[in-house]
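Below is one structure, written out as structure tokens; comments come after it.
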2 protein chains.
Amino acid sequence: MIDAAGLRVIRAISEEGSFTAAATSLGYSQPAISQMVRRLEERTGTALVERLGRTVRLTQAGQVLARHAGPVLSAIEAAESEVAAIAGLRAGRVRLMAFPSSSSTLVPRALALVKERFPDVEVSFAEGEPPESLAALRAGECDVAVAFTYEGTDIGRGEEHVETFLSRPLLEDEVRLAVPKNHPLAKADKAQLSDLADAQWIAGCPRCRGHLLSLATRAGFTPHVAFETEDYVAVLGLVAEGLGVALIPDLILRSAGNDRVVTLPIDPASRRTVQAVTTADLERVPAVAATLDALVDAARATCPSPLTAAISAR
Amino acid sequence: MIDAAGLRVIRAISEEGSFTAAATSLGYSQPAISQMVRRLEERTGTALVERLGRTVRLTQAGQVLARHAGPVLSAIEAAESEVAAIAGLRAGRVRLMAFPSSSSTLVPRALALVKERFPDVEVSFAEGEPPESLAALRAGECDVAVAFTYEGTDIGRGEEHVETFLSRPLLEDEVRLAVPKNHPLAKADKAQLSDLADAQWIAGCPRCRGHLLSLATRAGFTPHVAFETEDYVAVLGLVAEGLGVALIPDLILRSAGNDRVVTLPIDPASRRTVQAVTTADLERVPAVAATLDALVDAARATCPSPLTAAISAR
DNA sequence: TGAAATAAATAACTCATTGTTATATCATCG
DNA sequence: CGATGATATAACAATGAGTTATTTATTTCA
């Protein structure tokens, strides 16, 4: 029945003392005010202004509206400016969830970029492996997930498809074989996976373990997994002690090397793609978009690869 | 940019958890909500809801709007209900101004009627002779003036025209000649004004004095005004003491008689019309309309005259 | 796994609202 | 009494905000 526009008009009349002045103050034409008042009076069923010749004055009912106009309009303006701040990146919160090994360089660098560009945007951060982070994204518990997919790995056994969401590729991460320095393959150019059918394997995160199984199956064997840990520093330690071999993404080796371990490409090559994942809706939230951009930029700085080259060329 | 309708929609979505439920709760169709949200998102420049498959959830910006919706909408509802109370005569204030001699019966009776019919309507009352009461009406200091006009009297010398306003006739009030009981005319049927050219006159209020002058001029003389007072009881007292004669409206004689005074019609007859005066705008204020009605009813009860008969027949 | 059910998006259309300009009316003031 | 300043009205255009019908997508359930 009564909306913000009506209150604005009544307030302007009350403040300015005439329809014409109210019109100029609101940027309207005079008849617009005249008609607006008439409509309001029709709706409320009572006169709101007294037209006394050349001047107008509010009736009691008009004064009631004018009195309420202030609080209502300033609350609306407050809401608008809060939303505008979010839209203008002068406010906003992004909840980021990333898998542990990305936390070392990529994510911190991206967070720093966001902070530098938009100091008032808050980015909170939690660790989580892809299945959890995607579930959190779906559940609305985070806004951006930094996840990875292994090339050619078909997910789908209860896990979230990355394809359900909107994802931007960040890095191409080559999967290498890690062997102890004294291992027969240590000096080889590349390793045939099938040569390692009888090796003891050390597996990383569940997803990586799945990838290992998938690759091994394709190479015609079932790997014997002697140890399992999500901590890649530990994986490298185990390998260094000669307790087994492991598949390790190149990205991890950049932050956590071990000089008693040698890594070499495998054949057929395998890579994982690190992606920033969000939803189509959240991508329209400016702070989220800014975070995605920062992640892309951070990835480019982290590792110039064919993929990121392609992205920069774009 | 954002109006009450938008806030209502966002709040409904937040409360109901889906567009469809929000639509039913607001009495809209589902696409209406869908489009409303889209418009809001276009205007604000950021996503307001996350569509997660079948369910929707508000984004941070959406939550900002939902948070403000409550206060804003309840303030608007409060304003609406206050105005509705005024429109529905469950509230309201009328400032009445009446000339003194109407205060005796007509006005009190009318006030009682309003109080009986609409107990929550406040009518405040002040005395004032027609020129002042009309000026007050014009100045917005009162809402209804009970005034009178002398038949055939042309006003206009700086005074307010009753015709400027909207007036409803209440009573036809005959002007009679008051003489002492022992006056030569005391037993006459009627008095020729011209027979009183040499009499001492006692005048009432300024307006009444003006009327006396006008009538006398028409009768061919200039009256000798010996006394002047606005208090008609005093006028009657002066007449009773034989200090002069006076023109007195019949209405006054009903409440303030004096048995040492005789009144008789004058020739040519003269009457004043008692009117309830307001403005076209104020007449659309329900409490004002109710007061006017009460005045008409009170007048009918006070003095059944040809005029009031005509009004009831209408 | 596939079909039914549920929910949101889209298309196409209608109608009311809310502006506009041009003009009339009306009160005030020199 | 005419000029002026203010509101009202008329006619019209654009937009907003609904509607129904239909499509698309996700969940659920057999």
Side-chain angles (χ1 to χ4, degrees), chain A residues 1-10 12-13 16-43 47-58 62 138-140 156-158 160-161 163-166 279-281 284, chain B residues 1-10 12-13 16-43 47-58 62 134-135 137-140 156 158 160-161 163-166 279-281 284:
Chain A
M1 177 167 148
I2 291 169
D3 59 343
L7 292 178
R8 227 180 299 273
V9 167
I10 290 291
I13 292 171
E16 305 289 336
S18 85
F19 283 18
T20 305
T24 24
S25 113
L26 293 175
Y28 289 157
S29 65
Q30 170 266 317
I33 304 296
S34 184
Q35 293 172 126
M36 186 60 151
V37 170
R38 185 161 50 76
R39 277 193 296 270
L40 282 173
E41 290 183 334
E42 280 166 11
R43 286 179 207 167
L48 298 176
V49 306
E50 280 177 79
R51 286 89 165 167
L52 284 151
R54 202 136 97 180
T55 55
V56 294
R57 186 185 312 108
L58 296 182
R138 154 142 316 222
R157 36 176 201 290
E160 300 285 346
H161 293 62
E163 291 74 33
T164 310
F165 302 104
L166 196 144
T279 66
D281 292 310
R284 284 163 43 230
Chain B
M1 178 165 147
I2 292 170
D3 60 342
L7 292 178
R8 227 182 297 274
V9 166
I10 290 291
I13 292 171
E16 305 290 336
S18 85
F19 283 20
T20 305
T24 25
S25 112
L26 293 176
Y28 290 157
S29 66
Q30 172 264 316
I33 304 295
S34 185
Q35 293 174 122
M36 186 60 151
V37 170
R38 186 162 49 77
R39 277 193 295 269
L40 282 174
E41 291 184 334
E42 280 167 10
R43 287 179 207 167
L48 298 176
V49 306
E50 279 177 80
R51 286 88 165 168
L52 284 151
R54 200 134 100 180
T55 54
V56 294
R57 185 187 315 107
L58 295 183
L134 294 182
L137 183 58
R138 154 143 316 222
E160 300 284 346
H161 295 61
E163 292 73 33
T164 310
F165 301 105
L166 196 145
T279 67
D281 292 310
R284 285 164 41 229

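Reminder, nothing fancy here: chain letters follow the sequence lines and each chain counts from 1. None of the values given here were measured: they were computed from a predicted structure.
When distances run from any side-chain atom of Y28(A) to the nucleotides dT10(C), dT19(D), dG19(C), the shortest one goes to dG19(C). The side chain of R43(B) lies closest to dG16(D) when the candidates are dG16(D), dA8(C), dA8(D). Nearest to the side chain of P31(A), among dA17(D), dT9(D), dT18(C), sits dT9(D). Closest approach to the F19(B) side chain among dA9(C), dA17(D), dT9(D) is made by dA9(C) (side chain taken as heavy atoms from C-beta onward).
Residue side chain Q30(A) does not reach the base of dA6(D) through any donor-acceptor N/O pair under 3.5 Å, judged by distance alone. For dT17(C), the base has no donor-acceptor partner in the side chain of Q35(A) [N/O atoms by modelled type, under 3.5 angstrom].
Computed from coordinates, the M36(A) CE to dT20(C) C1' distance equals 15 Å when rounded to whole Å. Across the protein-nucleic acid pair, M1(A) atom CE and dA16(C) atom C1' stand 18 Å apart, rounded to whole Å. One atom, CZ of R39(B), and another, C1' of dG16(D), lie 6 Å apart when rounded to the nearest Å. If you take CG of L48(A) and P of dT7(D), they are 16 Å apart, rounded to a whole angstrom. Whole-Å rounding puts the L26(B) CG to dA17(D) P distance at 14 Å. Separating the CD1 atom of I2(A) from the P atom of dT17(C) is a distance of 15 Å, rounded to the nearest angstrom. The separation between F165(B) atom CZ and dC26(C) atom P is 16 Å, rounded to whole Å. The nearest whole Å value for the distance from the CD atom in E42(B) to the P atom in dG16(D) is 9 Å.
Considering only heavy atoms from C-beta on, I10(A) stays 4.5 Å or farther from M36(A) through its side chain.
Closest approach of R8(B) to L26(B), counting heavy atoms only: O-CD1, 4.1 Å. When all heavy atoms of M1(A) and R43(A) are compared, the closest pair comes out as O-NH1, 3.2 Å.
Contacts of S29(B) with the nucleic acid, taken as non-hydrogen atoms under 4.0 Å apart, include base atoms. Here T20(B) lies in heavy-atom contact (under 4.0 Å) with sugar-phosphate atoms only.
Not one N or O on the side chain of E16(B) forms a donor-acceptor pair closer than 3.5 Å with the backbone of A23(B). The closest donor-acceptor contact from the side chain of E41(B) to the backbone of L48(B) lies under 3.5 Å.
The residue among S18(A) and I33(B) whose nearest nucleotide of DNA chain D is located toward the 5' end is S18(A).
Remark: R138(B) is in phosphate contact with dT28(C), judged by side-chain N or O atoms under 4.0 Å from OP1 or OP2. Taking only side-chain nitrogens and oxygens, R38(A) never comes nearer than 4.0 Å to OP1 or OP2 of dA8(D).
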